[in-house]
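What follows is a short report on a single structure.
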Amino acid sequence: IVGHGRPLTGQAEVRDLLTAYRDAMQYIHDQTVRLMARGLTPDELVEVVAALPPRLRDHPWLGEFYGTVKQTVRQIYANAYGWFEGDPTFIDPLPRRERSARYVAAMGGRDAVVANATRAHADGDLRWAAEILTHLLRLDPDDQRARALKANALRQLGFQASNPMWRNNYLMAARELDGTLDRARLLGTLRALANPDV
């Protein structure tokens with residue numbers, strides 16, 4: 001009985017799944033540790049160890065459904081080294097809001113950031129659009145244009161995500177940003193599904 005999905009029966013089928021799962025975890029671990037020893041940071045690691053080899057990637061039980069290779073790589077790094085990625089710039093960075101203010105100023109101000117995000121969105125560069133809009137929203141969480149643009153970028157990322165955990169995070173954040181999240185209904189649903197004793 002696996003943690004997510006239907007039960008599996010048959011000695012050969014169980015052996016195949018356990019072997020494939022073991023091989024996948026070993027591959028991700030070994031490749032990550034090997035590259036950590038060469039000094040790669042988490043962002044660099046997930047560019048190199050982004051997917052399993054075809055033999056494992058195409059296994060019917062190893063789809064990136066609940067977790068992903070990228071998440072596992074980052075967790076291996078965090079377990080081994082913690083939060084510090086080796087660049088002393090980030091030992092004591094500026095506070096997030098101040099960093100955002102400086103990024104927005106360096107990019108030419110609020111209107112320039114919105115224009116860049118709009119262009120990035122039109123070009124399908126949704127991750128960049130969401131990232132630069134984050135800086136605006138840290139400065140002014142009520143900036144309705146930035147909220148709408150970021151919500152739209154996140155929604156599109158959610159529609160493209162095959163991993164349901166990523167999809168949920170993108171879509172829920174979009175609804176929070178654009179004001180379409182019905183918190184009372186969400187809480188009611190959660191309470192209805194929860195154990196009353198809890």
Side-chain angles (χ1 to χ4, degrees), residues 28 31-32 35-36 38-51 64 67-186:
I28 296 168
Q31 295 306 310
T32 302
L35 294 167
M36 285 167 49
R38 292 187 181 174
L40 272 67
T41 66
D43 288 340
E44 294 166 330
L45 287 166
V46 298
E47 291 175 20
V48 180
V49 188
E64 294 183 295
T68 67
V69 172
K70 289 181 177 182
Q71 287 172 253
T72 305
V73 167
R74 288 184 187 279
Q75 190 59 50
I76 291 167
Y77 185 98
N79 285 344
Y81 290 154
W83 61 269
F84 183 54
E85 65 179 49
D87 183 341
T89 303
F90 302 106
I91 287 176
D92 186 21
L94 293 168
R96 281 179 12 151
R97 186 169 161 68
E98 185 176 341
R99 270 196 335 262
S100 288
R102 292 184 186 198
Y103 278 122
V104 169
M107 286 187 271
R110 181 228 178 250
D111 293 341
V113 173
V114 169
N116 276 311
T118 302
R119 198 167 29 259
H121 189 285
D123 292 342
D125 195 358
L126 302 168
R127 292 185 302 173
W128 179 244
E131 183 173 333
I132 62 176
L133 289 164
T134 295
H135 292 296
L136 284 182
L137 292 171
R138 284 183 186 154
L139 299 176
D140 180 8
D142 296 324
D143 184 327
Q144 294 305 308
R145 178 70 178 136
R147 290 177 74 87
L149 280 170
K150 184 173 178 181
N152 195 285
L154 294 177
R155 188 170 288 107
Q156 295 308 312
L157 286 166
F159 293 156
Q160 295 172 17
S162 59
N163 180 292
M165 303 305 289
W166 288 24
R167 179 181 175 87
N168 181 63
N169 277 292
Y170 285 131
L171 297 179
M172 291 299 285
R175 295 187 80 170
E176 286 179 308
L177 283 166
D178 69 11
T180 59
L181 180 63
D182 184 343
R183 291 180 188 276
R185 183 173 173 213
L186 177 63

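Under the side-chain hydrogen bond (donor to acceptor under 3.5 Å, both in side chains) criterion, Asp92 pairs with no residue at all, not counting sequence neighbours. Partners of Asn168 under the side-chain contact (heavy atoms from CB on, under 4.5 Å) rule, at least two apart in sequence or in another chain, are Met172. Residues that satisfy the side-chain contact (heavy atoms from CB on, under 4.5 Å) test with Glu44, not counting sequence neighbours, are Leu40, Thr41. Annotation: side-chain hydrogen bond (donor to acceptor under 3.5 Å, both in side chains) contacts of Gln160 (sequence neighbours excluded): none. With sequence neighbours left out, Arg74 forms a side-chain hydrogen bond (donor to acceptor under 3.5 Å, both in side chains) with Asp43. Residues meeting the side-chain hydrogen bond (donor to acceptor under 3.5 Å, both in side chains) test with Glu98, sequence neighbours left out: Arg102. In this structure Thr68 satisfies the side-chain contact (heavy atoms from CB on, under 4.5 Å) test together with Glu64, Lys70, Gln71, Asn163, Trp166, sequence neighbours excluded. Under the rule for a ring pair (Phe, Tyr, Trp, His ring centres under 6.0 Å), the partners of Tyr81 that lie at least two apart in sequence or sit in another chain are Tyr77.
Here the closest non-hydrogen pair linking Val69 and Ala51 is CG1-N, 3.9 Å.
Rounded to the nearest 0.5 Å, atoms CZ (Arg119) and CG (Asn116) are 4.5 Å apart. To the nearest 0.5 angstrom, Gln156 atom CD is 9.5 Å from Leu171 atom CG. Atoms CD and CG, from Gln75 and Asn79 in turn, are 4.5 Å apart once rounded to the nearest 0.5 Å. Summarising the geometry, atom CD1 belonging to Ile28 is positioned 12.5 Å from atom CG belonging to Leu45; distances are rounded to the nearest 0.5 Å. With values rounded to the nearest 0.5 angstrom, Leu133 atom CG is found 5.5 Å from Leu149 atom CG. Atom-to-atom distance recorded for Leu136:CG and Tyr103:OH is 14.0 Å, nearest 0.5 angstrom.
Side-chain N or O atoms of Asn169 include one that pairs as donor or acceptor with a backbone N or O of Met165 at under 3.5 Å.
By the 4.5 Å heavy-atom criterion applied to side chains, Leu137 and Leu177 are counted as neighbours. Contact of the His121 side chain with the Asn152 side chain is registered, since non-hydrogen atoms from C-beta on lie closer than 4.5 Å.
Within the structure, salt bridge (charged side-chain N to carboxylate O under 4.0 Å, His left out) contacts touching residues 166-177 (residues at least two apart or in different chains) are Glu176-Arg183. Sorted by first then second residue, the salt bridge (charged side-chain N to carboxylate O under 4.0 Å, His left out) pairs that include residues 141-165, not counting sequence neighbours, are Arg110-Asp143, Arg155-Asp178. Applying the ring-ring contact (aromatic ring centres under 6.0 Å, His included) test to pairs two or more places apart or on separate chains, none has a residue in residues 137-162.
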Distance-only check: which donor-acceptor pairs under 3.5 Å involve side-chain atoms of residues 123-130, not counting sequence neighbours?
none

